[in-house]
Participant: 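Sharing a structure here in structure tokens format.
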Amino acid sequence: MELFWVGTTVALVVIILIPLYRVAAGPTVFDRLLAIGAMGAKTIGLVCMFGFLYHRFDMFVDIALAYAILNFIGGIAVAKYFSFSKTLREKS
Amino acid sequence: MMESIQNGVAVILVVTGLITMLIGSIGIIRLPDFYTRTHAASKVDTVGIIILLFGLAVFEGWTLNAGKLVLAIVFVALTNPVAIHILARAALRFGLRIWWKPDSSHLQEDAAKGKGESA
């Protein structure tokens with residue numbers, strides 16, 4: 001079972017790294033924000049699986065909840081900012 | 001016996017969630033437009049995370065940590081689509097153009113006409 005958690009954690013890290021291509025090559029800033037949000041949402045699952053790897057699941061599940069809240073608030077704040085940004089509109 | 005059934009169900013759920021999240025990641029790379037990529041990021045990824053965390057909760061059993069995981073599932077199911085919807089609304093207010101297939105000029109004319117009539 002230990003080997004299963006190691007394998008799934010490595011697979012999840014690879015899955016998280018895939019949208020990094022969209023962050024680097026996205027045509028607009030909204031594509032980059034979307035890929036960052038998707039990566040952050042998957043990181044919640046990754047933190048929970050780290051809890052199984054280190055046998056401290058009670059601690060890591062609290063970290064995962066806090067990370068979920070931070071990801072949500074950060075995404076909304078940046079979306080609000082770019083929704084009313086004048087400089088970005090003039091540039092593109 | 002009971003524990004092996006529990007472990008088997010947890011393994012199946014975790015692997016299913018990983019496959020679903022892999023499909024979502026490939027969709028974020030492969031789809032042609034921002035508005036189409038929101039589908040891959042909001043719907044498919046949310047379902048993948050829900051299945052993965054539910055598998056972890058099944059592996060944990062009836063404990064306080066499983067309750068916290070269910071809380072995390074409810075939070076992700078509520079907030080992840082909402083965050084991406086707010087991002088898509090910001091892009092619409094910003095004026096991001098939607099993507100058309102290269103040989104669909106008649107569809108574009110129809111859409112422009114319909115928009116002019118409704119507005």
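Just so we're on the same page: letters track the sequence lines, and every chain starts at 1.
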Participant: I'd like to know which of A:Ala11, A:Pro19, A:Gly75 tops the heavy-atom pair count under 4.5 Å against chain B.
Facilitator: A:Pro19
Participant: For B:Thr38, which atoms come within 4.5 Å of any heavy atom of chain A: side chain, backbone, both, or neither?
Facilitator: both
Participant: Given heavy-atom pairs under 4.5 angstrom as the criterion, report whether the side chain, backbone, both or neither of A:Asp62 touches chain B.
Facilitator: side chain
Participant: Determine the minimum heavy-atom distance between B:Asp45 and A:Ala38, stating which atoms define it.
Facilitator: OD2-CB, 3.5 Å
Participant: Taking side chain as everything from C-beta outward and backbone as N, CA, C, O, which of these in A:Met1 sits under 4.5 Å from a heavy atom of chain B? Side chain, backbone, both or neither.
Facilitator: side chain
Participant: Under 4.5 Å from any heavy atom of chain A, what part of B:Leu87 do you find: side chain, backbone, both or neither?
Facilitator: both
Participant: Given a strict heavy-atom distance threshold of 4.5 Å, which part of A:Ile73 is in contact with chain B: side chain, backbone, both, or neither?
Facilitator: neither
Participant: With a 4.5 angstrom heavy-atom cut-off, which part of A:Ala64 approaches chain B: side chain, backbone, both or neither?
Facilitator: neither
Participant: With chain A as the partner, which of B:Ile29, B:Leu52, B:Ile86 has the greatest number of non-hydrogen pairs under 4.5 Å?
Facilitator: B:Ile29
Participant: Checking heavy atoms, do the side chain of A:Leu65, its backbone, both or neither come under 4.5 Å from chain B?
Facilitator: side chain
Participant: Does a side-chain heavy-atom distance below 4.5 Å link A:Trp5 with B:Phe59?
Facilitator: yes
Participant: Mind telling me whether A:Phe30 and B:Phe34 have parallel, tilted or perpendicular rings, with 30° and 60° as the class edges?
Facilitator: tilted
Participant: Could you look at B:Val11 and say if it's the side chain, the backbone, both or neither that has a heavy atom under 4.5 Å from chain A?
Facilitator: both
Participant: Is B:Ile84 in contact with chain A via its backbone, its side chain, both, or neither, using a 4.5 Å heavy-atom distance?
Facilitator: side chain
Participant: Determine whether more than 12 heavy atoms belonging to other residues, nucleotides or ligands lie under 6.0 Å from atom CZ of B:Phe54.
Facilitator: no
